[in-house]
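Below: one structure, written as structure tokens.
In what follows, every chain begins at residue 1, and chains take the letters A, B, ... in the order their sequences are listed. FYI, side chains are in, hydrogens and waters are out, and symmetry mates aren't considered; it's all heavy atoms of this structure. Here the structure is a predicted model, which means the values were calculated and not measured.
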Amino acid sequence: MPKEERSSFSHFFREDAKLVADVLHEEEGQDSTVGTPEIELIKPFIKSGQAVSDDLVRLEWKKLRTFFRQGLADCKLSPDFRPAILAPAYTADLIAQDYPVWLAGNSSELGECLSLSQLLDEAFSRMDLGDRSSILVNSKDRLLHLAKLYLEENGVTTLEQVLPEILNQLSAQLQLKGDEGKTFSDEIKQLIKILPDHGRLISFSNEANFQLFNGALQHTSQQARIDLQREILELKSKLKDLLRVEADKDPAGKDPDKLKESLGFADSMMKFDALASLVPDEGSIRMGADRLERIAHVIKVLENSELLLDFTASIFIDESLYSGQQLLWHELFEKAEINTWSAKEGLNELGVLFSEQIDPYEQLFSAKRIAELELENKYQPEIHDDYFVGFTWQNFSEEELLQSTYFILIVDDLHLFGPQFSGLSDLLRDNFPIKILAVKRNLSGSDLSDAPARGSLHSQVELGALMLSYRNIFVAQSSSIDPRYLFDQFKEGLSAFAPAFMYVLDLDSKDVRNAYLLASSILECRDFPAFTFRGLLGNPWGSRFEIKHNPQPDVDWPTHRLAVEIDGNEKDFLDVSFTFGDWASLNHDYGDHFLPVPDFAWTSDFIPLDLYLRLTSHESIGKVPFIWMVDQKSQLHRVAVSWPVTIACRERLDFWHFLQENSGINNYHVDAAVAKALADLKREHQAELDAIQSEHLAEVEEIKNEEAGKVMENLAAVLLELDPTNMVSTPTMQSVVVPPEASEHEAGEPVEKKQDAVEEKMQEDSLVIEPYIDTALCTSCNECINRNKAMFRYNADKMAYIADASAGTFRQLVEAAEVCPVAIIHPGTPLNPHEPDLDQLIKRAAQFN
Amino acid sequence: MYGLKTDLACEVPSKYYSLEDYGKGVARWCPGCGDHAVLTNTQKLLREKQLDPAKTVFVSGIGCSSRFPHYMNTYGFHGLHGRAFPVACGVKFRRPDLNVFVITGDGDCCSIGAGAWIHAIRYNMDITVMLLDNQIYGMTKKQISPTSKLGTISNTTPDGSVIPPINPVETTLGVANASFVAQTADWNPAHMYETIKAGFEHKGFSFIHIIQRCPVFQAGLAQEMTSNKDAMCYLDHENGIQVSEEVARTFSHKLNHDPSDLKNARTLAMDTDTVYMGLFYRDINAPRYDEFGASNMGFTVEEKEAVLRAEFDRYAF
């Protein structure tokens, strides 16, 4: 049946459904959606309407052009419309995220920061599951879902608390019995054994950024602090020993009682009177008073420094940040000293505070270094006195900086624009190793009126990119969408021997699912691209900047292939780009910048936004851009985008190109260098090829001449009636005689073969072959199971395996092999050598082994 | 790469169904019967797809294999001889939300039920059909069936059968609007599983011919089929039945066959020397009669009456 007929036939039946709805609507005034099936995950589709007159198309285009110029549609875009790529996310129950995230408490071979999904995958890969399919492994999504629910209810918690809870819930849900139940509980035991018993689980929320930051802080400072504590203890002890020895140099130490005290043990075994007579009267050379005083001072500083070790960081928190939500900063950063910072105080004040905070560490590390010199007796006052008087944090080694306090500012990025920017500039210019965590909360696509400091929709100030101009700085711009990357960025920033500016995105949304989708979209549409700049001196040029954690970093806009149904053809697809325009369409404030256009007006001048942005101004004349959107019923629409939003897209694209250039993608200079290198290579290759060819030609010419000479010689010989073979001998004319060695070998072979066979037979006799079943080929016919349920069992896929070969006789194994309709039971060799009729059974088993 | 994940959506149902949830009773087939393997594989498919037993129906006719619905803890209909197809079509036509399976044998389908079979193919409703073909009437103790080889000795043909057999694959491919035709064998469970799975995933009438051994009444044939590996050929194609490399290696011969090529599919089906395993033909665009069946599903009697009245009013004076 032709398609047209089918569709009209289909309409015949469907029309009555519509009629019912219409009738009910008229009669009862109810919503006309009665009887329509619930929308689930339906493939987006396009259904062409009827053709219309050219006049109507012209009228529609007139309206469309007016809209495009002004960006003021008659009514705002319905919230039911969503960018086509986001359609599946809005119709599913669960969104697969990288959350919950597990942050290790101690060092673990599984890693420091993993999504729970990755952690479970790691654990599953270490479990002994054999070939069978595992219900536990298949239930991973369910476990993640349960963990999410648990975290939503209980907040951040430890893996040790969550795991038993969710596994119990899973067991209760599955209610597995019999063999499946036993296998499942064995698998759970294995899983618990493999998973670590430490670490916390965090879910996606506006706290996630800080949880990850705290995790990175702990992991960076933990080992450094332990090392520092050990070093201080060692130095103190050694210095005290030094002083003790010095005290013993006192002539009074010659007194027998003093000697006895100094020994402390075995005093009954020695004659200290006699020992005193052996000690010289004048004593050893003694330390100068200056040195003694210096060492005593160093010990005092080291002892006082123990208090410093209680806190890993001094954190200044912008008082306006989450002021309404009362985040419990003390609980978030339990090992840090929390201070409040107000934008009114300015950032210059922080420089002073930093100097105050770092001062005890300057004293500590100065004392440490003096101690090390003293212990080696290398301290030279004429050189070192001056050095240590002027010892500041700038003299710290990289290791010392990690061991000192972390000076951290957590700030709303809006407080870094305007007058505060000069203070920030001073801080960074002076190279203070301060770590700034700036949080971008209001977004360009959402509410610019709240954040005029960031510029306008058409011209945004990029704070992250501005930081690049300080050169010796670590800059990371990212969001908690990718928790592992963010964690690594935090760690790198905290351990950098330089200032670090970490710029993170936070969507302050109560609706977690919505926030996650929006945050993903922001990264996708290049509004807040992720990048890292390692401006630290010493990094090779060109390797400092990277943008690889963005989706499809090599292109302008990420493009996805979308399976769609066009006029009933289920196999069609569309390549759809996700642009800044798609992101802006999610914001109801921009609703009048988007206009759905009926399909009869989809002419060749109506082009996708990503293509439009590639056109020159001349080429774009008369054209209008659109984005693909779906409505609630999954029908695809082309939605026109206004000129102001198109300009905003250009601006975002421009910034994206700036980042691409910096990272070497589509960089003019890089491309030129690559083109030049390719041209050089091609030239060299061509020259080489030419040389080989000319050489080859020369050789061919030479051979030709030689052969011509030989031919002439042969010809001459024939003509002179001489045998040419006597004149020209070639290898092909030599007869090859095969020596009759092979026959000698053959003659000797049977004897050797016989010996080998006897040896093999002897070895075979002593071999033990384990019985087994080719489980994958089992047809579940019950033949073996019915013979011995302890020996043969079904796995979770109802396929047989040998559970316990010793649970029955060898006879049962052989008989099972014989009746198995697919001959997949291999009885092996008998376990019990005393079983009756073994000789016969072994013979019967042989064909199955 | 981070950003939007187009595969970010997945659903978690409230209940997990295990094999036990799909099984019922003890299968009373002879030891070594191929029906066991089909039963297990079908239950595994239901588990993988997590089909709700309350939304799944198995319909069968008469014969050994037609006992199948008794061993499934789903809805079932063990009906009249040769009438599995009309019942299944009726169920699907009015309840398109149900997963409908037909289990039929060589007698049930190709003999008494042949008329219903042909029209069911043509209707192309979204039904998964498994023809369990052991080439003999086993339940009634060895009489030839329409698919028995020429010369088969049975109680009704003591000197051997004299009429050539029906080839179910060839027959199905010859009917208008056939949309999915595949062949597998019970002694290769992995291939059978993938075939049944592909059939279930196809939207339309999925006809799966399962060559099956009857170790009691066709013991010789079973031995011959399983031992002669040269007689089997695996149909290998990216759009065909996908099996793992290990399973593909169990076949000595392979042939690349595009399942959209109906002409070649028919040629292969007619080849009497080789048994081809895999997907012969698939057409996802073949019209489905069940799509026209239940558009007014869910309406009450009053609502239907309202429609009828409105319709009659159009012709009223």
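- Surrounding CZ of Arg122(B) are at most 12 heavy atoms belonging to other residues, nucleotides or ligands under 6.0 Å away.
- For chain A, the nearby part of Gln43(B) is the side chain; its heavy atoms alone come within less than 4.5 Å.
- With rounding to the nearest 0.5 angstrom, the OG1 atom of Thr779(A) is 10.0 Å from the CD atom of Gln212(B).
- Contacts between Cys525(A) and chain B at a heavy-atom distance below 4.5 Å are absent for every atom of the residue.
- Note: Asn782(A) CG to Leu39(B) CG = 9.0 Å, rounded to the nearest 0.5 Å.
- Pro31(B) touches chain A through backbone and side chain together, each having a heavy atom under 4.5 Å away.
- Residue-environment remark: NZ (Lys49(B)) exceeds the threshold of 12 foreign heavy atoms within 6.0 Å.
- In terms of heavy atoms, Asp797(A) sits closest to Thr40(B) at O-CG2, 3.8 Å.
- Taking every heavy atom of both residues into account, Ala776(A) and Pro189(B) meet most closely at O-CG, 4.1 Å.
- For Arg309(B), no part lies near chain A; criterion is any non-hydrogen pair under 4.5 Å.
- Considering only heavy atoms from C-beta on, Lys44(B) comes within 4.5 Å of Met799(A) through its side chain.
- Side-chain contact between Pro821(A) and His36(B) is absent, with no heavy atoms from C-beta onward closer than 4.5 Å.
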